[in-house]
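Just below is one structure, and these are the notes that go with it.
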Amino acid sequence: QVQLVESGGGLVQAGGSLRLACAASGDIFTNYVMAWFRQARGKEREFVAGITWNGGSTMYADSVKGRFTISRDNGKNAVYLQMNNLKFEDTAVYYCSARRGTILTKEVSRFNSWGQGTQVTVSS
């Protein structure tokens with residue numbers, strides 16, 4: 001199983017930007033579809049964005065389309081989430097996740113490796 005460590009969270013004003021990073025180790029990175037999920041207090045974990053092993057295909061939640069961009073650098077075993085025009089409702093703990101294989105999905109249950117999470121707080 002791949003191990004994942006997120007970084008880059010913090011406090012930002014509405015309209016601002018943050019870039020999250022996730023470092024992977026322990027297995028061949030290109031064996032994995034990567035994704036970002038988030039969980040706000042009192043809510044279920046939800047899909048944010050995903051990317052296939054070579055970056056050839058991406059998927060986004062409707063709520064972040066046009067504002068967030070997922071990317072990966074296979075040479076660095078890393079995946080990123082660039083978040084622009086942040087809104088108060090983007091406040092959550094953001095989790096990096098990995099799914100072995102080639103199929104990109106939004107389903108939480110399909111991902112079996114998770115980071116510890118990083119807090120993103122957007123002030124209104």
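No experiment lies behind these values; they were computed from the predicted model shown.
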Quiz item: Do the non-hydrogen side-chain atoms of Val2 and Asn77 ever get within less than 4.5 Å of each other?
Solution: no
Quiz item: Under a single-linkage definition using a 4.5 Å side-chain heavy-atom cutoff for Ile, Leu, Val, Met, Phe, Trp and Tyr, are Leu4 and Val108 assigned to the same hydrophobic cluster?
Solution: no
Quiz item: Taking all atoms of both residues into account, what is the closest heavy-atom pair of Ala14 and Ser124, and its distance?
Solution: CB-CA, 4.3 Å
Practice problem: Without swapping roles, check the side chain of Tyr60 against the backbone of Gly66 for a donor-acceptor pair under 3.5 Å. | Solution: no
Practice problem: For the residue pair Phe68 and Leu86, establish whether any side-chain heavy-atom pair is separated by less than 4.5 Å. | Solution: yes
Exercise. Say whether, by atom type as modelled, one donor and one acceptor occur between the side chain of Thr69 and the main chain of Gln82 under 3.5 angstrom.
Key: no
Self-check item: Whether over 12 other heavy atoms sit under 6.0 Å from Leu11 CG
Solution: yes
Quiz item: Got a second to check how far Ser113's OG is from Met34's CE, nearest 0.5 Å?
Solution: 8.0 Å
Quiz item: So how far is it from Arg19 CZ to Met83 CE, rounded to the nearest 0.5 Å?
Solution: 11.5 Å
Quiz item: What about Tyr94 and Met59, same hydrophobic cluster or not, with Ile/Leu/Val/Met/Phe/Trp/Tyr joined at side-chain heavy-atom distances under 4.5 Å?
Solution: no
Quiz item: If you draw a 6.0 Å radius around CD in Gln13, do more than 12 non-hydrogen atoms from other residues or ligands fall strictly inside?
Solution: no
Exercise. State whether the number of non-hydrogen atoms from other residues, nucleotides or ligands found under 6.0 Å of Arg67 atom CZ is greater than 12.
Key: yes
Quiz item: Among Gln116, Glu6, Arg38, which residue meets the side chain to side chain contact (heavy atoms under 4.5 Å, CB included) test with Tyr95?
Solution: Glu6
Quiz prompt | In one Ile/Leu/Val/Met/Phe/Trp/Tyr side-chain cluster, 4.5 Å: Val33, Ile51 | solution = no
Quiz item: Do Phe47 and Val79 belong together in a cluster built from hydrophobic side chains that touch within less than 4.5 Å?
Solution: no
Quiz item: Are the side chain of Asn74 and the backbone N or O of Phe29 linked by a donor-acceptor pair below 3.5 Å?
Solution: no
Exercise. Would you give the length of the straight line joining atom CZ of Arg100 to atom CH2 of Trp53, rounded to the nearest 0.5 angstrom?
Key: 13.5 Å
Quiz item: Under 3.5 Å, is there a donor-acceptor pair between the side chain of Thr121 and the main chain of Thr91?
Solution: no
Exercise. Considering non-hydrogen atoms only, spot the tightest contact between Asp73 and Tyr80 and give its length.
Key: CB-CE1, 4.0 Å
Quiz item: Looking at Lys65 and Asp62, what are the two nearest heavy atoms and their distance?
Solution: NZ-OD1, 3.2 Å
Quiz item: On the ring face of Tyr32, is Arg72 found with NZ or CZ under 6.0 Å from the centre and within 45° of the axis?
Solution: no
Self-check item: Spacing of OG belonging to Ser71 relative to CG belonging to Leu81, to within rounding of 0.5 Å
Solution: 8.5 Å
Quiz item: Which value, rounded to the nearest 0.5 Å, describes the distance between Cys96 atom SG and Gln3 atom CD?
Solution: 12.0 Å
Practice problem: Look at Asp90 together with Lys87 and state whether they make a salt bridge at an N to O cut-off of under 4.0 Å. | Solution: no
Quiz item: Can you check whether Ala35's main-chain N or O pairs, donor with acceptor, with Ser97's side chain at less than 3.5 Å?
Solution: yes
Exercise. Indicate if Trp36 and Leu104 have the same hydrophobic cluster label, given that clusters are the connected sets of ILVMFWY residues with side-chain heavy-atom separations under 4.5 angstrom.
Key: no
